[in-house]
Every structure is written in structure tokens, then in C-alpha cells.
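Take a look at the structure below.
As the structure is a prediction and not an experimental result, all values here were calculated from the model.
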Amino acid sequence: MLNTYVRFDSSSVPPQVLNSLVPSCVSLAHVAEHDYLLSLDPARFTHAHLVLGSNPNRFGADLSPHLVTVIDFFSKAPKSNFITLNFGTSDFKRRHSEDLGVAMASLLMVDLFDIDWSTICQIPENRKLSKKRPDFEGFNSKEERFLYEAKGTCRLETVIPTIEKAIGQVKNYPEPALRKIAIASYFCSNPRAFPSFSFFVDPELPDIVPPDKDHAQQLHLEKVLEFAGCKSSASSYLKYLAAKFSFERKIASEYPDIIARYAPQSLGDSKIETALEEFKMSFEREIGSLEAVSEKNRRYQVQRRIVTIEDAKYECVAGIDSKIIAAISEDVEFEKIESVSDSEPDSAFSQFSDGTMFQLRRLRG
């Protein structure tokens with residue numbers, strides 16, 4: 001048996017989800033918090049390779065090319081209790097870390113989600129659909145589809161960029177799936193440093209939504225919050241939208257279009273209500289730290305900063321109309337505000353219909 005560690009991202013895999021996944025994987029042993037020790041038998045990869053068979057039409061599309069490398073690695077690598085890549089050339093390490101990353105990710109997907117090895121295949125390139133795509137898809141016994149991006153590296157400094165790249169590829173792919181998972185594996189190249197780790201990440205991001213006016217306005221509010229300096233609120237609002245959009249897609253798939261309007265309302269879903277409450281608390285905290293000002297017979301909550309433009313210093317003020325703030329806090333639709341702009345030689349004022357305000361004033365002296 002060989003060992004490696006698995007870390008489930010605490011921000012995207014909450015305890016209740018983790019507790020529902022881990023019991024199905026008997027090879028995982030809890031170490032601390034979200035860290036687990038994974039004991040694996042290399043023979044499983046040989047078994048998986050044999051299960052895939054020798055169909056020439058599948059070669060290059062299934063896991064065979066990756067598993068061949070991994071099987072060869074485990075048969076020839078120096079004996080050790082932990083998976084390491086502390087030998088070989090840089091090219092050897094790069095190639096084997098990539099294939100080991102695919103193997104580790106696939107093993108976790110099979111054990112955690114009951115995916116059948118024989119259903120795993122590489123997603124074909126389709127630039128009309130998406131410039132970037134995840135590596136693989138697989139199906140469980142219920143024919144539910146899973147997408148996952150698998151990365152592998154033996155360079156410690158590239159672990160975080162590798163994880164972020166994996167997240168972008170799998171989460172932004174515009175095709176439906178029950179879960180979209182990013183798994184990045186780091187393989188130790190120096191036993192005196194850090195042991196090998198696989199990082200399992202499942203951030204909740206809104207998948208592709210219909211390009212209609214309602215969804216566009218809801219997504220735009222995240223930009224409004226960021227504009228006003230409420231970055232934490234923008235992040236929690238995005239999680240709320242993810243839960244809300246997911247519920248909407250579920251309802252749309254379960255009810256015919258003709259009766260979809262009579263389906264249960266999304267606010268009845270506990271996950272959505274929890275996410276909404278977290279957003280409101282974050283928003284109330286951040287908006288309370290902003291400065292209240294009056295401009296053009298309206299009230300705003302703003303933040304100020306000093307900027308330099310062509311050697312001249314200006315005070316830059318950005319914020320949100322108080323009426324919009326009240327509507328956001330109560331989660332109700334708000335009326336559009338009249339757009340206004342007014343520029344003078346040393347100052348400028350602009351107000352958009354979304355309630356955002358921008359003001360620039362030159363500082364003297």
C-alpha cells in the first residue's frame with residue numbers, strides 16, 4: 001500500500017458535504033480538520049486499465065494512456081511508504097506528475113461518487129462551446145454526469161496557480177453536470193520538505209445561465225457591490241446566486257415549461273435561505289463601515305480615496321444610493337434611478353441607473 005494526503009477545501013466543501021462523501025471511501029483516514037490520509041493499492045490502476053479493454057476507438061479518449069504511465073511508475077519507482085518524485089529528470093517529473101495527477105483525481109472520483117472506471121473519458125475539444133474545458137467526464141450507476149479537471153505538479157510554488165487554473169477550467173464549462181470538481185495533486189520531490197497532497201476543491205459558482213434580462217440584472221449586482229467596496233458581500237452574494245440558479249435549473253428540469261411558473265418558489269429552499277442570510281449579514285456589516293453623504297438631493301454610502309492624474313491629485317468618491325441599499329437589504333426589486341452626469345474642469349459627477357455614484361474632485365495645494 002502507498003500513502004498520500006488529501007485535503008478537502010474547507011471553504012467549498014463544508015462539513016455536512018464532507019461527512020456525506022468520506023464514508024463511501026474506506027481508503028481515507030481522518031488526520032486533522034479537512035485533511036485525510038489516503039492509502040491506495042497500485043494494483044487498482046492495473047485493474048482499471050484492464051477493465052478499459054483494448055478497443056482502438058477508445059484509445060486516446062479514455063484513461064489508458066495515463067494509466068500505462070502510472071502502472072509503469074509504481075512498478076519501477078523506489079520503494080517508499082509515500083508517493084514521491086524525488087528522482088529522475090525534470091522532463092520525467094513533469095510527465096509523471098501530470099499522469100499521476102489524472103490517476104489520483106480519477107481514483108477519488110470513483111471512490112467518492114461511485115463513478116464507473118469504464119465511463120471516464122476525455123472531453124473532446126470544441127472551441128465553439130468553450131476555449132477551455134475540463135479534462136474528464138464520468139458517470140455513476142444512476143447515469144449522473146460528473147465533470148472534473150485533474151492537475152499534477154511536483155513544484156511546490158505552482159500548487160496554488162494550478163488549483164486556480166483547474167477551478168476555472170471545470171467551473172466555466174457551459175455543459176450541465178451533477179458536480180464539477182477541481183482536483184490538483186502535488187507530488188513530493190524532496191522528502192525533507194512537504195509530503196504529497198491532493199487538493200479537492202468544489203467552489204460554488206453560478207454555472208452558465210440563460211442570457212435573459214432577469215439573470216443579467218442579478219449578476220450585475222455583484223459588480224455594484226464590488227464597485228462600492230463591499231468585496232466580502234459580493235463574494236457571499238455570488239454564493240447566494242449559485243444556490244438560487246441551481247434550484248431554478250432543478251425546477252426547470254423537473255417541471256414542464258407550461259407549469260414551471262407554478263413550481264415551488266426558490267426562497268423555500270433552506271440552502272438558498274442560509275446563503276441569503278449570510279449575504280445580508282455581510283452586507284449590513286460592510287455598508288455600515290461606509291461614509292454617508294448627500295449629493296444632488298440624494299443620499300449615498302461611499303468610500304473615498306486619493307488618486308493622481310497627470311501629476312494632479314483628485315479625491316475619488318464611489319458608492320451606492322441609499323434607496324438601492326435598502327432594496328438590497330430587503331431582497332426586493334428596486335426601481336431604476338435616472339442616470340445623471342455633470343462635468344466641470346476640476347470635477348465630475350456621474351450616477352448610473354443601477355444606483356452607483358462616481359465623483360471626482362481636484363485637490364488644491
Side-chain angles (χ1 to χ4, degrees), residues 4-14 17-18 21-22 25 28 34-36 38 40 61-63 65-67 69-70 83 85 93-113 115 117 119-127 129-139 145-189 194-208 235 238-239 242 246:
T4 186
Y5 289 99
V6 178
R7 173 167 295 171
F8 293 89
D9 177 45
S10 58
S11 64
S12 65
V13 187
V17 174
L18 191 58
L21 292 177
V22 171
C25 189
L28 283 175
H34 277 54
D35 292 347
Y36 288 78
L38 174 63
L40 62 95
D62 62 14
L63 290 172
H66 306 281
L67 293 182
T69 303
V70 171
I83 299 175
L85 271 173
K93 292 179 180 179
R94 178 186 56 79
R95 167 64 193 275
H96 279 70
S97 63
E98 291 174 357
D99 286 342
L100 281 169
V102 169
M104 292 303 304
S106 301
L107 181 68
L108 284 170
M109 295 299 291
V110 167
D111 285 352
L112 293 172
F113 300 110
I115 291 176
W117 283 101
T119 69
I120 297 175
C121 65
Q122 211 152 25
I123 297 175
E125 184 176 11
N126 185 341
R127 290 192 172 273
L129 183 64
S130 176
K131 291 183 179 180
K132 295 182 178 180
R133 68 191 192 283
D135 278 335
F136 299 98
E137 67 176 359
F139 297 83
R145 187 190 194 200
F146 294 79
L147 300 179
Y148 65 99
E149 172 66 20
K151 298 285 187 185
T153 181
C154 59
R155 297 170 56 200
L156 191 59
E157 68 273 16
T158 65
V159 170
I160 298 301
T162 298
I163 293 173
E164 292 175 346
K165 185 177 180 180
I167 293 172
Q169 284 182 238
V170 72
K171 290 296 181 178
N172 293 328
Y173 193 65
E175 283 199 349
L178 184 62
R179 300 289 284 270
K180 296 181 178 181
I181 307 294
I183 302 175
S185 297
Y186 161 72
F187 298 102
C188 171
S189 59
F194 296 95
S196 297
F197 253 99
S198 289
F199 301 90
F200 182 101
V201 188
D202 184 21
E204 291 189 278
L205 300 176
D207 287 328
I208 301 302
S235 177
L238 199 60
K239 292 180 180 179
S246 177

Exercise for the section: Report the C-alpha separation of Thr162 and Thr153 in whole Å, then their side-chain angles, then the decisive distance to 0.1 Å, and conclude whether the side chain to side chain donor-acceptor pair (under 3.5 Å) test is met. Expected result: CA-CA 8 Å; Thr162 298; Thr153 181; 4.9 Å; no
Practice task
Test side chain to side chain contact (heavy atoms under 4.5 Å, CB included) on Tyr186 and Leu156 and set out the steps.
Solution key: CA-CA 7 Å; Tyr186 161 72; Leu156 191 59; 3.8 Å; yes
Exercise for the section: Give the intermediate values and the outcome of side chain to side chain contact (heavy atoms under 4.5 Å, CB included) for residues Leu178 and Phe113. Expected result: CA-CA 10 Å; Leu178 184 62; Phe113 300 110; over 6 Å; no
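Atoms NZ and CD, from Lys180 and Glu137 in turn, are 11.5 Å apart once rounded to the nearest 0.5 Å. Between Leu100 atom CG and Phe187 atom CZ the span is 4.5 Å, to the nearest 0.5 Å. Going from atom CZ of Arg145 over to atom CZ of Arg179 covers 15.5 Å, rounded to the nearest 0.5 Å. Taking CG from Leu21 and CG from Asp111, the interatomic distance works out to 11.5 Å, rounded to the nearest 0.5 Å. The OH atom of Tyr36 lies 12.5 Å from the CG atom of Leu108; values are rounded to the nearest 0.5 Å. Taken from CD1 in Ile83 to OG in Ser198, the straight-line distance is 7.5 Å, to the nearest 0.5 Å.
Residues Ile183 and Met104 are not in side-chain contact: their nearest non-hydrogen atoms beyond the backbone lie 4.5 Å or more apart. Side-chain contact check for Val110 versus Trp117: some heavy-atom pair is nearer than 4.5 Å. Here the side chains of Phe8 and Leu28 are in contact, with some heavy-atom distance below 4.5 Å.
In this structure, Phe197 and Thr4 approach most closely via the heavy-atom pair N-OG1, 3.9 Å. Closest non-hydrogen pair, Cys188 versus Ser196, comes out as N-OG, 2.9 Å. Between Met109 and Phe146 the shortest heavy-atom distance is CE-CB, 3.9 Å. Across every non-hydrogen atom of Lys93 and Cys154, the tightest pair is CB-SG, 3.6 Å. The two residues Phe139 and Thr119 make their nearest non-hydrogen contact at N-OG1, 2.9 Å. Contact between Ser106 and Ile120 at its shortest, heavy atoms only, is CB-CD1, 4.3 Å.
Results of the side chain to side chain contact (heavy atoms under 4.5 Å, CB included) test with Pro65 over Asp62, Leu67, Leu63 single out Asp62 as the only residue that passes.
With sequence neighbours left out, the side-chain contact (heavy atoms from CB on, under 4.5 Å) criterion links His96 to Thr69, Phe73, Leu85, Phe92.
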